[in-house]
Amino acid sequence: MTVRVRFAPSPTGYLHIGSARTALFNFLYARSKGGKFLLRIEDTDLERSTEESVKSILEGLEWLGLTPDEEIVFQSRNKEKHVAAAFRLLEEGKAYRDFTPKGDATSSKNIKELIVERAREQKDLRSNPYRDLPKEESDRRAASGEPFAIRLKVPHEGKTSFEDAVYGLQEREFSDIEDLVLLRSDGHPLYNLAVVCDDIEMGITDVIRGQDHLTNTHKQILIYEALGVKPPRFAHLPLILAPGGKKLSKRYHGEIVSLTTYRDAGFLPEAFRNFLALLGWSPKNNKEIMSMEELIENFSLEGIHKNNAIFNFDSNNPKRWTDDKAIWMNAEYIRTMPLEKLLPYVKEELKKAKLWREEYETEERNWFERTVNTIRERFFTLKDFSTQGRAYFSEDYDFDEKAVEKNLKKHPELQTLMPELASRLEKLEEFTHEHIEQAIRNFAEEKQISFGVIMNAARTLLTGTAVGPSMLAVFELLGKERSVMRLKSQIPWNQN
RNA sequence: GGUCGGUUCGUCUAGAGGCCUAGGACACCGCUCUUUCAAGGCGGAAACACGGGUUCGAAUCCCGUACCGACUACCA
């Protein structure tokens with residue numbers, strides 16, 4: 001049987017990185033098995049589901065390169081089928097009507113308290129008075145318009161068990177499972193029923209999802225059994241936790257957990273996908289940098305870990321705002337990926353920053369490629385091309401205060417020396433690094449100032465920063481005219 | 001409270017009884033190259049939660065304790 005897996009997010013916010021990883025693993029598994037990767041939007045919670053969220057999920061998946069193989073399934077459109085299944089189980093005596101008035105649990109705190117309180121009572125989960133109500137009476141009360149929920153009739157004795165591909169054999173006594181509600185008294189099907197029905201209908205063979213569903217699985221298996229369908233294989237994934245070891249949540253951690261944050265911060269999808277793949281999974285060969293093809297080739301459920309992973313971030317630290325390794329990996333991709341693959345991303349970034357010029361793809365193409373290739377060495381994100389790299393693409397760039405202090409103002413004589421050097425360089429016939437270097441060395445010797453001081457001053461004048469590629473390369477890239485002009489600039493000297 | 005799960009350097013992880021005086025990666029520290037560095041090269045510090053077993057031998061198997069997490073709802 002061909003493998004069919006699905007990613008089933010509920011559209012109640014942006015796509016978060018834990019979900020993104022679940023999607024990735026499903027995709028990798030499908031591809032590695034020659035199967036299909038499907039997408040189902042679980043939008044049955046009408047109050048919380050939004051159109052916007054669906055859009056954000058789709059965008060996120062597309063960014064990571066996880067395109068579904070078949071049409072997207074919207075769970076809400078299958079509502080009638082879920083309802084029908086509940087009634088079928090009722091007919092067959094595998095479920096019953098519960099006429100208990102609906103309790104109200106409003107805030108989440110109340111819910112938690114309610115659960116614990118209820119649990120302390122340690123009552124028999126089979127003690128519902130309507131469980132064994134004679135069919136005639138149940139039918140009669142229903143016909144008279146009395147509201148009811150439909151609950152699954154879980155047997156008194158026995159246990160469910162399944163072999164989880166990650167966590168191994170899982171067993172649970174029936175006595176620990178309540179007669180779960182399949183259909184709410186307002187006629188809406190519940191999650192566990194909907195999931196099972198849809199997975200059956202979609203022909204899902206392997207359910208790969210977060211570990212938070214591990215205990216739910218027993219309930220779902222009970223539904224499969226009642227429905228007379230063989231359950232799929234299950235593989236539960238360890239969770240991705242926040243630095244404190246708490247569950248990563250949209251509510252508490254905000255945008256940092258949103259996939260789009262990374263896209264907007266200048267991450268390459270290749271890099272972020274690679275990073276995500278290594279959270280909770282590792283290949284046998286200890287390899288870390290992997291293309292999508294390599295991920296697919298190496299992926300296997302056996303490589304998934306059981307323990308949760310912590311995703312580091314610190315919103316108060318601009319340099320460490322997200323996980324170190326993710327940043328490193330992005331930088332690694334930026335400096336080592338084939339240039340022609342990087343170029344389109346840089347183009348897009350420059351466009352966003354209004355720094356793009358069509359000439360970069362025509363007469364200045366060669367220059368553009370050389371420039372990108374040179375400056376990418378020290379960049380971490382695509383954003384760096386429009387910020388740190390701005391001076392290469394625009395005459396309007398900022399001077400870093402510290403750089404000005406350290407490389408210029410510390411040596412006041414440079415204020416007159418640099419324009420002088422500029423005039424000297426202006427006379428060069430060939431503006432190539434050999435000639436530039438020679439000219440600067442001569443100048444430095446003549447003026448009794450160190451070569452390094454000149455170079456650093458030039459770096460700050462030409463690029464506004466204190467760091468960057470070899471200065472001679474910078475001179476060459478900027479060309480004689482721009483270099484000379486910038487060396488003469490008095491702007492940084494008058495700054496502050 | 002109950003059920004289930006987890007616990008190897010700060011973090012991501014390798015490890016399936018002897019190959020482990022525990023390996024790699026990120027971050028960190030030092031040295032080095034150099035015109036700068038957040039780049040490159042070289043090196044360093046850094047972990048088997050704890051306690052009992054089993055075994056000739058345990059990070060690896062068993063039991064207990066601790067801690068962490070998930071689930072437990074007419075949410076998904």
Side-chain angles (χ1 to χ4, degrees), chain A residues 8-10 12 42-45 47-49 75 98 100-105 108 110-112 114-122 147-151 164 167-168 170-173 175-178 180-186 188 190-192 194-195 210-216 218-219 236 238-239 241 243 245-247 275 278-282 284-289 305-312 319-320 323-329 331-332 335 377-380 384 388 403 406-407 437 440 450-460 465-472:
Chain A
S10 52
T12 55
E42 307 212 323
D43 55 350
T44 47
D45 186 338
E47 282 174 21
R48 292 196 294 156
S49 299
Q75 188 159 65
D98 182 0
T100 312
K102 183 179 182 257
D104 53 358
S108 63
N110 279 345
I111 290 166
K112 180 68 190 165
L114 205 89
I115 289 166
V116 174
E117 201 176 298
R118 205 182 283 182
R120 282 224 179 82
E121 290 171 22
Q122 281 191 313
F148 60 87
I150 293 182
R151 304 188 94 113
D164 188 89
Y167 290 94
Q170 299 294 309
E171 292 184 310
R172 201 170 173 199
E173 295 292 331
S175 57
D176 291 325
I177 306 173
E178 79 276 10
L180 57 263
V181 174
L182 301 175
L183 201 69
R184 297 205 306 214
S185 49
D186 63 5
H188 277 98
L190 259 87
Y191 171 72
N192 284 309
V195 166
Q211 192 228 59
D212 45 345
H213 291 286
L214 194 59
T215 40
N216 268 332
H218 291 98
K219 296 180 186 174
H236 287 87
L239 268 20
L241 269 22
K246 296 287 171 197
K247 194 177 175 183
F275 170 76
L278 261 16
L279 238 36
W281 171 79
S282 60
K284 291 173 200 85
N285 56 18
N286 238 338
K287 211 173 161 177
E288 304 219 85
I289 300 288
H305 314 138
K306 292 190 175 79
N307 48 305
N308 298 339
I310 291 175
F311 178 77
N312 266 315
K319 206 182 144 191
R320 286 266 171 82
D323 200 286
D324 280 331
K325 197 157 180 170
I327 295 178
W328 166 78
M329 194 164 277
E332 183 70 14
R335 56 179 175 250
E377 274 309 310
R378 286 159 180 81
F379 286 173
F380 289 88
D384 291 337
Q388 337 246 85
K406 178 178 152 220
N407 293 336
E437 177 167 11
I440 296 177
S450 95
F451 178 72
V453 167
I454 295 279
M455 289 303 246
N456 287 330
R459 181 184 303 287
T460 299
T465 68
V467 301
S470 153
M471 257 329 276
L472 294 168

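Here is the naming used below: chain letters follow the sequence lines, and residue numbers restart at 1 for every chain. Side chains are part of it too, since the values below use all heavy atoms of this structure and drop only hydrogens, waters and symmetry mates.
- Distance NE2 (A:His218) to P (B:G2): 19 Å, rounded to an integer number of Å.
- Nucleic acid contact class of A:Thr465 (heavy atoms, under 4.0 Å, all strands): none.
- Under the Watson-Crick and G-U wobble criteria, each requiring two contacts below 3.5 Å, nucleotide B:G2 is paired to B:C71.
- Within 4.0 Å (heavy atoms only), A:Glu173 reaches no atom of the nucleic acid at all.
- If you measure from atom CG of A:Asn308 to atom P of B:U13, you get 9 Å, rounded to the nearest angstrom.
- When distances run from any side-chain atom of A:Tyr191 to the nucleotides B:A76, B:U35, B:U7, the shortest one goes to B:A76.
- The shortest heavy-atom contact between A:Ala403 and A:Thr465 is CB-C, 3.7 Å.
- Across all strands, A:Ala309 comes closer than 4.0 Å only to sugar-phosphate atoms, never to a base (heavy-atom distances).
- Heavy atoms only, all atoms of each residue included: A:Pro243 and A:Phe311 are closest at CD-O, 3.3 Å.
- Using a 4.0 Å heavy-atom cutoff across all strands shown, A:Asn307 reaches sugar-phosphate atoms only and no base atom.
- Minimum atom distance to the side chain of A:Leu239 is reached by B:G69, of the listed B:G69, B:C37, B:C74.
- Side chain of A:Glu178, nearest nucleotide from B:C4, B:U11, B:U72: B:U72.
- Straight-line distance between the P atoms of B:U3 and B:C61: roughly 23 Å, to the nearest whole Å.
- Dashed line: the shortest gap from a side-chain N or O of A:Arg48 to OP1 or OP2 of B:C75 is not under 4.0 Å.
- The separation of B:A59 from B:A47, taken at their P atoms, amounts to 15 Å, rounded to a whole angstrom.
- Nucleotides B:G5 and B:G18 have their P atoms positioned 26 Å apart, rounded to a whole Å.
- Counting non-hydrogen atoms under 4.0 angstrom, A:Arg172 reaches the backbone sugars and phosphates but no base.
- Base engagement by A:Ser470 is indicated by at least one non-hydrogen atom pair under 4.0 Å involving a base atom.
- Across B:C33 and B:C50, the matching P atoms stand 43 Å from one another, rounded to whole Å.
- Using a 4.0 Å cut-off, some side-chain N or O of A:Arg184 falls inside it from OP1 or OP2 of B:C75.
- Picking from B:C74, B:G5, B:C37 the nucleotide with the shortest atom distance to the side chain of A:Gln211 gives B:G5.
- Distance from the side chain of A:His213 is smallest for B:A76 among the nucleotides B:C12, B:A38, B:A76.
- A:Lys219 and A:Glu178 are joined by a salt bridge, as a carboxylate oxygen and a charged side-chain nitrogen come within less than 4.0 angstrom of each other.
- Between B:A14 and A:His305, a contact under 4.0 Å exists linking OP1 or OP2 to a side-chain N or O.
- Nucleotide B:C37 has no partner under the Watson-Crick or G-U criteria, as no pair reaches both atom distances under 3.5 Å.
- Separating the CG atom in A:Leu182 from the CG atom in A:Leu190 is a distance of 8.0 Å, to the nearest 0.5 Å.
- If you take CG of A:Asn285 and P of B:A14, they are 12 Å apart, rounded to a whole angstrom.
- Taking a pair to require two hydrogen-bonding distances under 3.5 Å in either a Watson-Crick or a G-U wobble arrangement, B:G57 remains unpaired.
- Counting non-hydrogen atoms under 4.0 angstrom, A:Gly210 reaches nothing in the nucleic acid.
- Looking only at atom types and distance, the side chain of A:His305 has a donor-acceptor partner in the side chain of A:Ser282 under 3.5 Å away.
- Comparing B:A76, B:U11, B:C68 against the side chain of A:Ile310 picks out B:U11 as the nearest.
- Closest to the side chain of A:Lys306, out of B:G6, B:C74, B:A27, is B:G6.
- Across B:U13 and B:G30, the matching C1' atoms stand 25 Å from one another, rounded to whole Å.
- With a cut-off of 3.5 Å on both Watson-Crick or G-U wobble distances, the partner of B:G43 is given as B:C29.
- Residues A:Asn308 and A:Leu239 come closest through the heavy atom pair OD1-N, 2.8 Å.
- Between A:Asp212 and A:Lys247 there is a salt bridge, since at least one side-chain N of the basic residue sits less than 4.0 Å from a carboxylate O of the acidic one.
- Residue A:Phe380 holds its CZ atom at 7.5 Å from CD1 of A:Ile327, rounded to the nearest 0.5 Å.
- With a 3.5 Å ceiling on both atom-pair distances, B:C19 lacks any Watson-Crick or G-U wobble partner.
- Taking 4.0 angstrom as the limit, A:Ser282 places a side-chain polar atom (N or O) nearer than this to OP1 or OP2 of B:A14.
- Spacing of C1' atoms, B:C12 relative to B:C71, comes out at 26 Å, to the nearest Å.
- Side-chain N/O atoms of A:Arg335 include one lying less than 4.0 angstrom from OP1 or OP2 on B:G40.
- Across all strands, A:Gly245 comes closer than 4.0 Å only to sugar-phosphate atoms, never to a base (heavy-atom distances).
- No contact: A:Lys287 has no heavy atom under 4.0 Å from any strand.
- Spacing between atom CD of A:Gln170 and atom P of B:C71 amounts to 15 Å, rounded to whole angstrom units.
- Using P as the reference atom, B:G69 and B:A25 are 31 Å apart when rounded to the nearest Å.
- A donor-acceptor contact under 3.5 Å is not formed by the side chain of A:Glu288 with the base of B:A14.
- Residue whose closest nucleotide on RNA chain B sits further toward the 5' end, between A:Trp281 and A:Asp45: A:Trp281.
- Side-chain nitrogen and oxygen atoms of A:Lys247 include at least one within less than 4.0 Å of the OP1 or OP2 phosphate oxygen of B:C71.
- Residue-level contact check: A:Pro9 touches neither bases nor backbone, having no heavy atom under 4.0 Å from any strand.
- Here the C1' atom of nucleotide B:C12 and the CG atom of A:Leu241 are 13 Å apart, to the nearest Å.
- With a 3.5 Å ceiling on both atom-pair distances, the Watson-Crick or G-U wobble partner of B:A49 is B:U65.
- Rounded to whole angstrom, the span from the CD1 atom of A:Ile150 across to the C1' atom of B:A73 amounts to 18 Å.
- Rounded to whole Å, the P atom of B:G53 lies 28 Å from the corresponding atom of B:C68.
- Taking a cutoff of 4.0 Å between a charged side-chain nitrogen and a carboxylate oxygen, A:Lys325 and A:Asp323 do not qualify as a salt bridge.
- Inspection of the A:Thr460 and A:Asn407 side chains reveals an N or O donor paired with an N or O acceptor under 3.5 Å.
- Not a single donor-acceptor contact under 3.5 angstrom links the side-chain atoms of A:Thr215 to the base of B:U3.
- When the nucleotides B:G69, B:U35, B:G6 are ranked by their closest atom to the side chain of A:Arg459, B:U35 comes out on top.
- The nearest whole Å value for the distance from the CG atom in A:Asn312 to the C1' atom in B:A27 is 10 Å.
- Rounding to whole angstrom units, CZ of residue A:Arg151 and C1' of B:C74 are separated by 7 Å.
- Across all strands, A:Phe379 comes closer than 4.0 Å to no nucleic acid atom at all (heavy-atom distances).
- Each of B:C26, B:A38, B:G69 was ranked by its minimum atom distance to the side chain of A:Gln388; first place goes to B:A38.
- Closest to the side chain of A:Asn456, from the set B:C4, B:G69, B:U36, is B:U36.
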